[in-house]
Number of protein chains: 2
Amino acid sequence: MTERNETGEPLDDPDTPRGRGGASAVIPAGSPGSGRPGLDRRRILGAAVEFIDVNGLSALTMRRLGAHLGVEAMALYRYVPGRESLLDGVVETVIDELYGDPDVHIEPTHGWEDYLQRLAHGVRRIALAHPEVFPLVATRPPSAPWIRPPLRSLRWVESFLTALTTHGFSSEGAVAAYRAYSSFLLGHLLLEVSQKGVKISPLDEPETPVRADADVQQYPLVVELEPLLSLDESAAEFEESLENLVDRLQLVRRESRQPRRD
Amino acid sequence: MTERNETGEPLDDPDTPRGRGGASAVIPAGSPGSGRPGLDRRRILGAAVEFIDVNGLSALTMRRLGAHLGVEAMALYRYVPGRESLLDGVVETVIDELYGDPDVHIEPTHGWEDYLQRLAHGVRRIALAHPEVFPLVATRPPSAPWIRPPLRSLRWVESFLTALTTHGFSSEGAVAAYRAYSSFLLGHLLLEVSQKGVKISPLDEPETPVRADADVQQYPLVVELEPLLSLDESAAEFEESLENLVDRLQLVRRESRQPRRD
DNA sequence: ACCTGAACACCGTTCAAGT
DNA sequence: ACCTGAACACCGTTCAAGT
């Protein structure tokens, strides 16, 4: 009984040229050498990611994606069960880019702190590279309760838990760390990405002061602190919060190594 | 020039019976005494929230919402510019419930730590009360970069900043605290809510073990730690992380009171 | 003043038909 | 084997028309 994998689609065997790696999973076509080959699940998902990056999520329809691929919408249904699982595939495709990131290795050769740092920065690069896709990464219902955004794959969970348990964390400690880490990444990156989206969606208007016509006086502190509030300190905040989280996990690790008995 | 408010709709004057408060903004109708009064922006938004709570976000269409209100879809356009701003209104409606929450007061009479605690728990109650709406709260593009989810209103930002600056925080410290606080709430609550959604979406199946048919052996740690991973410790995690955040902000506060000059 | 009917352009999805 | 055309049910939204 071949049930369903994480996203509900049939999983093609990986008979594509690039074996497992290559950060450039988005644009290129199927077999190397031919110009516009036949359709292909990978090609469709790549085109969908590209389409969302350029036109925004709300612009993605089966018909338009078909047109983008030079094909009628109905042709897509041979490779994808429907729009919903197309979106699941988009999320999977984007997260899979992490495997091609040379700065994120699975084995933590420089300690678990270094591993958490590199992994976090890798996820952040992906979020910033696909700001229109990231809300999808954040909100698509996971297939299991412990597959948490934004690291939505068994493979990354395994990698994470391995890194920590092989570096002095107890099982409980590693799981607690996984939870705290997911929560931090999700919150920070979703905010950073949405902040980025706001800045460009209005026209080039260099400034849009507060005054909502009427109640300027109603929110004096917001008005006064607007210059501070408008600063984009996302990068610094990310580093700082990440550092702080790692420090906190160091305590978790120490406590979990010697479970005190009363 | 009456431009647009935060959500882009014309804002009706509040000529509705309940003056500003009342946590029960969802179900009740317009004027008290009459059974099914005329339409009304508030009534429409309340019905939309209720509809999403019951049927899920994807089920909400203008036509179905109209039917739910005993009216043709086209009648809604007299009160709401379109579907997109209906969703903005839904988000606003849900967040406004915070004002009716007796456990969340604006003035922090028991210190800023207590204020942050009560506010956080209030937001959490809302997220858990409207799990299908919360992803919308999390991802709708804010109207300004410093209106951050999940506290998406000028009023709450003002309240937050007031509480902190009147309790020893510098401007910079208060703004930094606002950022860290938003990020924590967003990440944790979005994960908690989506986790909750997963648990009920499949049928009553009490257990859905890992085995994705093939690669059971590929993720041995996930398999081994599945019992731990499956535990729902959201509530405890929330308390702990919140406590930790408050502690961290205590340091920010102390540092920011005496800006050292070198 | 408030709601409706009919209409338009566009969706996702199906299925028999083409090549 | 792979794609298309036509069709179906359903969308959001507009606008003239009803009451």
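Because the structure is a prediction, the values reported are computed rather than measured.
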Sequence neighbours excluded and cut-off under 3.5 Å, please list the side-chain donor-acceptor pairs for residues 62-71 of chain B, or say none.
unit_1	atom_1	unit_2	atom_2	d
B:R64	NE	B:A59	O	2.9
B:R64	NH2	B:A59	O	3.4

Task: Distance, rounded to the nearest Å, where A:L76 contributes CG and D:dC3 contributes P - done: 9 Å
Task: Partner residues of A:F160 under the ring pair (Phe, Tyr, Trp, His ring centres under 6.0 Å) criterion, sequence neighbours left out - done: A:Y178, A:Y181
- [ ] Rounded to the nearest angstrom, tell me the gap between atom CG in B:D40 and atom P in C:dA1.
- [x] 18 Å
- [ ] For A:R152 and A:V137, indicate whether the former's side chain and the latter's backbone hold a donor-acceptor pair under 3.5 Å.
- [x] yes
TODO: Starting from P on C:dC2, measure out to CG on B:L69 and report it in whole angstrom.
DONE: 16 Å
Open item on the list: Does the plane of the ring in A:H188 sit parallel, tilted or perpendicular to the ring in A:F238? Use 30° and 60° as the thresholds.
Closed with: tilted
TODO: Could you point out which residue of B:D53, B:I52, B:L45 forms a side-chain contact (heavy atoms from CB on, under 4.5 Å) with B:V49?
DONE: B:D53
Open item on the list: I need the full list of salt bridge (Lys or Arg N to Asp or Glu O under 4.0 Å) pairs touching residues 66-76 of chain A, with sequence neighbours left out, sorted by first then second residue.
Closed with: none
Open item on the list: Show every salt bridge (Lys or Arg N to Asp or Glu O under 4.0 Å) that has at least one partner inside residues 181-194 of chain B, sequence neighbours left out.
Closed with: B:R124-B:E192
- [ ] Please work out the stems of DNA chain C from pairs that are Watson-Crick or G-U wobble with both distances under 3.5 Å, keeping only runs of three or more consecutive pairs.
- [x] C:4-8 with D:12-16, C:12-16 with D:4-8
Open item on the list: Check whether A:S159 reaches the backbone of A:R155 with its side chain - one donor and one acceptor, N or O, closer than 3.5 Å.
Closed with: no
TODO: Can you check each nucleotide of nucleotides 7-16 of chain D against protein heavy atoms at under 4.0 Å and return B for base, S for sugar-phosphate only, - for none, in 5' to 3' order?
DONE: B---BBBB--
